[in-house]
Amino acid sequence: RLNQINSFIVFRYQNSPIGRDRPALSAGNSGGSPEECDTVSKSLLSLNVNHRTEQHAVADNALLLDVLRDTLGLTGTKQGCDGGECGACTVLVDDQPQLACLTLAATCAGRRIETIEHLAAHGRMGRLQRAFHESLGTQCGFCTPGMIMSTAALLQHTPNPSQEQSEHALEGNLCRCTGYVNIVAA
């Protein structure tokens with residue numbers, strides 16, 4: 001388990017703005033030759049994202065968040081804590097909320113992925129996005145995509161949720177700006 005965590009940390013470091021310009025590292029190896037460290041296995045991955053199926057060569061250890069943002073250009077899904085604590089990266093996988101920062105892209109092959117971009121129609125806000133906007137359920141907007149996707153999952157299963165059900169559905173999403181009143185109202 002520790003080796004998996006170390007591999008994850010090394011991967012995030014090497015793909016961060018700080019790590020890109022530094023010599024490559026590998027988990028459990030702080031200074032191997034560049035040839036050893038730069039080898040990443042890739043696979044052709046078929047992903048159904050927002051009702052559109054595409055194939056991409058993706059590193060076997062690539063996170064869904066990175067594939068959505070960097071490969072597919074879907075930047076509505078936010079990179080927050082990188083540890084599954086904030087919910088800003090929430091997407092729907094087979095209609096269930098899932099944290100894209102903790103999900104290997106390869107595990108999503110053959111599954112249906114929906115991002116915040118899916119809720120908009122022809123460049124206009126969808127009903128749920130409009131509800132957040134009109135209820136002032138956003139402040140800085142960083143947590144909003146994750147909040148909306150968690151709410152979308154709730155509404156698919158419970159069209160008229162109680163306040164308690166709404167609050168429960170949003171338990172994994174953190175907002176540092178609001179007191180959640182307007183978010184739950186939306």
Side-chain angles (χ1 to χ4, degrees), residues 1-120 140-153 156 171-174 176:
R1 175 93 174 113
L2 186 56
N3 193 28
Q4 288 175 330
I5 293 170
N6 287 341
S7 295
F8 172 75
I9 292 168
V10 168
F11 176 78
R12 296 304 292 181
Y13 170 77
Q14 289 175 337
N15 291 290
S16 72
I18 295 170
R20 284 188 190 118
D21 299 327
R22 303 247 171 107
L25 298 175
S26 65
N29 176 359
S30 61
S33 70
E35 296 79 26
E36 292 173 14
C37 299
D38 289 340
T39 304
V40 175
S41 177
K42 288 188 175 187
S43 299
L44 190 60
L45 187 61
S46 181
L47 292 174
N48 179 347
V49 179
N50 298 335
H51 299 288
R52 196 171 155 194
T53 301
E54 295 183 19
Q55 290 187 341
H56 296 276
V58 175
D60 292 339
N61 62 351
L63 296 172
L64 180 59
L65 175 64
D66 296 323
V67 171
L68 292 172
R69 292 182 59 82
D70 301 336
T71 304
L72 301 177
L74 298 171
T75 58
T77 303
K78 302 302 180 203
Q79 181 177 350
C81 65
D82 287 335
E85 299 293 326
C86 72
C89 66
T90 302
V91 296
L92 301 186
V93 177
D94 294 333
D95 298 327
Q96 297 299 314
Q98 194 150 339
L99 300 173
C101 75
L102 296 180
T103 304
L104 288 174
T107 65
C108 295
R111 300 174 76 190
R112 191 176 61 258
I113 303 163
E114 294 178 4
T115 69
I116 189 73
E117 288 88 352
H118 173 71
L119 298 180
C140 77
F142 197 80
C143 70
T144 305
M147 294 278 188
I148 290 175
M149 295 310 292
S150 292
T151 303
Q156 285 179 0
E171 283 178 351
N173 299 83
L174 298 179
R176 292 170 176 90

Look up atom [atom1] in [X] and atom [atom2] in [Y], then write down how far apart they are to the nearest 0.5 Å.
X: Leu45; Y: Thr107; atom1: CG; atom2: OG1; value: 9.0 Å
X: Leu74; Y: Ile116; atom1: CG; atom2: CD1; value: 11.5 Å
X: Leu92; Y: Ile113; atom1: CG; atom2: CD1; value: 10.5 Å
X: Arg112; Y: Asp95; atom1: CZ; atom2: CG; value: 4.0 Å
X: Arg69; Y: Thr71; atom1: CZ; atom2: OG1; value: 11.5 Å
X: Thr103; Y: Asp66; atom1: OG1; atom2: CG; value: 11.5 Å

Looking at every non-hydrogen atom in both residues, tell me the closest pair between [X] and [Y] and how far apart they are.
X: Cys89; Y: Thr77; result: O-CG2, 3.4 Å
X: Leu68; Y: Val49; result: CD2-CG1, 4.0 Å
X: Lys78; Y: Thr75; result: NZ-O, 3.1 Å
X: Val58; Y: Ala105; result: CG1-CB, 4.4 Å
X: Val67; Y: Ala62; result: CG2-CB, 3.9 Å
X: Gly84; Y: Leu102; result: CA-CD1, 3.6 Å

**Report entry** Criterion side chain to side chain contact (heavy atoms under 4.5 Å, CB included) on Cys143 and Leu174, from CA distance to verdict
**Finding:** CA-CA 7 Å; Cys143 70; Leu174 298 179; over 6 Å; no

Under 3.5 Å donor-acceptor, [X] side chain and [Y] backbone:
X: Glu117; Y: Gly76; result: yes
X: Asn50; Y: Thr115; result: yes
X: Asp94; Y: Arg111; result: no

Requested in this report: Taking the side chain as every heavy atom from C-beta outward, state whether Asn173 and Met149 have any atom pair closer than 4.5 Å.
Outcome: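 Contact flag for Asn173/Met149 side chains = no.
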
Requested in this report: With the side chain counted from C-beta on, respond yes when Leu99 and Thr90 share a heavy-atom pair under 4.5 Å apart, and no when they do not.
Outcome: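 A side-chain contact under 4.5 Å exists here.
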
